[in-house]
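Here is the structure we will look at, set down as structure tokens.
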Amino acid sequence: MTTPALLPLSGRRIPPLNLGPPSFPHHRATLRLSEKFILLLILSAFITLCFGAFFFLPDSSKHKRFDLGLEDVLIPHVDASKGAKNPGVFLIHGPDEHRHREEEERLRNKIRADHEKALEEAKEKLKKSREEIRAEIQTEKNKVVQEMKTKEKKPLPPVPIPNLIGIDGGDPEDNDIRKKREKIKEMMKHAWDNYRIYGWGHNELRPIARKGHSTNIFGSSQMGATIVDALDTLYIMGLHDEFRDGQKWIEHNLDFSVNSEVSVFEVNIRFIGGLLAAYYLSGEEIFKIKAVQLAEKLLPAFNTPTGIPWAMVNLKSGVGRNWGWASAGSSILAEFGTLHMEFVHLSYLTGDPVYYKKVMHIRKLLQKMDRPNGLYPNYLNPRTGRWGQYHTSVGGLGDSFYEYLLKAWLMSDKTDHEARKMYDDAIEAIEKHLIKKSRGGLTFIGEWKNGHLEKKMGHLACFAGGMFALGADGSRMDKAGHYLELGAEIARTCHESYDRTALKLGPESFKFDGAVEAVAVRQAEKYYILRPEVIETYWYLWRFTHDPRYRQWGWEAALAIEKYCRVSGGFSGVKDVYSSTPTHDDVQQSFFLAETLKYLYLLFSSDDLLPLDHWVFNTEAHPLPVLHLANTTLSGNPAVR
Ligand code: DMJ
């Protein structure tokens with residue numbers, strides 16, 4: 001007879017016990033309840049039995065061991081001679097017995113601990129969303145595939161060494177300029193030495209509190225962001241002891257297996273960009289190895305339904321997500337659109353096309369999409385592949401996407417025509433809809449918000465002056481002169497935004513509204529956090545025009561930084577550039593060493609240091625060499641065949 005208990009537990013229907021008229025629904029419910037109760041009882045009894053057996057059997061077997069004479073089979077190390085008077089009875093005595101008990105105890109504890117851990121992990125899993133679990137599974141799969149690949153991996157194919165021209169030197173002939181350059185180097189020493197003393201290994205420095213600092217872009221990790229970001233600046237300045245110090249730290253301490261959720265974009269531009277530049281400049285393999293290790297950790301961020309990566313990824317679990325503040329769960333244009341340079345270099349150096357494919361996939365997807373007025377909105381949903389809010393900006397949220405289209409073309413030795421076309425199309429739409437002249441004759445780049453132009457320009461957008469100048473050569477219909485002029489106008493506007501403040505440092509963003517021109521209106525927009533964009537534009541304009549005004553403006557900015565941002569423990573941002581008594585924000589940003597001081601140093605160097613026809617700077621000012629891609633053999637890459 002089949003009893004309910006013997007029916008398969010997984011079966012959806014269990015026949016009711018024949019204890020009452022089946023026609024009454026409430027009875028049926030009662031019966032099902034009691035059946036379930038019985039089943040539960042049986043099940044729990046079974047589990048208890050198994051559990052008990054698991055824990056107690058070893059204990060009882062200990063008793064058996066002393067009288068059943070099976071020890072030679074079960075425990076072959078028992079000393080049989082000790083039980084010789086009573087054949088068949090083997091005793092474990094003294095130290096042996098003690099050791100044995102300890103061993104059993106240790107095993108039991110281990111089993112208990114493993115069991116607890118498994119329960120905890122199961123509990124944690126249940127807390128996660130379907131998507132998180134799916135992403136974890138995908139990450140595990142990728143890991144296995146990656147491991148298999150690694151096992152199969154043949155040595156990396158040799159790649160042609162790019163032309164590494166102008167990695168040092170740059171001594172200017174003019175004595176005054178040389179002194180200015182020396183001063184910038186001294187500022188770098190001050191920033192680095194204080195970070196070395198008070199913030200070593202932390203991401204950034206609090207120069208007044210004299211301790212380490214970090215922000216959410218680096219998650220909870222201490223990954224020495226300042227060290228990685230500063231390396232190439234140290235190198236080109238000839239600060240080689242400091243460079244070696246940083247290298248040693250990276251070799252021994254930089255570990256990416258951390259349970260920390262980081263920004264994919266920031267980690268890419270600061271860490272991967274910084275490590276690749278350090279590798280190219282110094283030739284030290286360790287930087288390349290670390291860059292590749294880190295890049296592998298970023299790959300799970302691309303596991304989305306569209307292949308548009310999440311903004312953040314947990315370096316350990318590979319789980320990704322987007323910023324809570326982003327429109328409709330979107331990824332950000334300036335973030336997923338600023339991976340191309342580094343990822344192409346990774347494929348170039350490893351021979352593994354995976355990185356190249358990820359960024360080309362993003363490009364192809366963007367090419368297919370409709371663009372309102374030819375403008376790229378800042379938000380794109382990685383689940384649906386649809387735009388979020390129709391906001392377009394050449395400042396925050398959009399900026400470096402345009403920069404990387406141009407630089408993809410430059411980096412490919414001007415062979416990636418697709419990238420150049422996308423850049424030209426985008427810039428034409430930007431010029432038509434976003435670039436205006438103020439009443440006072442200042443050219444500015446506004447922001448497009450749902451069909452309106454907001455007449456506000458961010459400090460971040462000031463980099464575009466340099467971009468227009470850099471892209472002038474090779475522009476459509478030979479509009480080179482026009483774009484160089486446009487770059488110069490943006491440089492002038494941004495200089496005005498500095499000049500109209502008490503500290504001669506620019507605000508975070510400034511307005512063009514009636515009588516207000518190039519001035520911040522809201523208190524929350526009056527800060528300066530050691531940003532580089534205005535100085536970056538001065539440098540590009542200097543390289544293309546050699547107009548001395550750019551060196552002069554750069555020097556004004558350097559003096560203002562020295563006067564108002566320098567403190568004994570490093571350099572700090574200021575909260576209000578319109579107040580003549582500055583309040584410090586107590587943060588020395590890593591980009592101050594990577595970008596601001598590097599661009600200043602280059603501004604007072606001769607052009608043979610990192611010449612622009614051989615090097616392309618990533619958006620964090622890390623120089624990467626032009627790749628003569630026609631010589632490489634990456635599979636599936638039409639640009640390189
Ligand atoms: C830097 O990290 C990079 O330049 C990035 O593209 C945006 N801005 C910051 C510095 O202001």
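Order of listing sets the numbers, starting from 1, for every ligand and every atom in it.
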Should [X] be counted as touching ligand 1, given the test is an N or O pair under 3.5 Å?
X: S400; answer: no
X: T619; answer: yes
X: E266; answer: no

### Query
Can you find a non-hydrogen atom of E533 under 4.0 Å from ligand 1?
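It does; at least one heavy atom falls under 4.0 Å.
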### Option set E536, E620, H459, E335, criterion heavy-atom distance to atom 2 (O) of ligand 1, minimum
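Shortest heavy-atom distance from atom 2 (O) of ligand 1: E620.
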Can a salt bridge be assigned to the pair [X] and [Y] using a cut-off of 4.0 Å between side-chain N and carboxylate O?
X: E242; Y: R196; answer: no
X: D416; Y: R420; answer: no
X: E261; Y: R321; answer: yes

### Query
Using a heavy-atom cut-off of under 4.0 Å, does the side chain or the backbone of Q589 touch ligand 1, or both, or neither?
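Neither part.
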### Distance, nearest 0.5 Å, that separates CD of Q588 from CH2 of W192
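Separation between the atoms: 10.5 Å.
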### Message
If the cut-off is 4.0 Å to any non-hydrogen atom of P532, which atoms of ligand 1 fall inside it?
### Response
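Reading through ligand 1 atom by atom, the close ones are 10 (C), 11 (O).
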### Those atoms of ligand 1 less than 4.0 Å from some heavy atom in L460
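Near L460, the atoms of ligand 1 are 7 (C), 8 (N), 11 (O).
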### Task
Using only heavy-atom distances, determine whether the side chains of Q552 and Y538 contain a donor-acceptor pair under 3.5 Å.
no
### Query
Using the ring of each side chain (for Trp, its six-membered ring), is H459 parallel, tilted or perpendicular to Y528, with breaks at 30° and 60°?
tilted
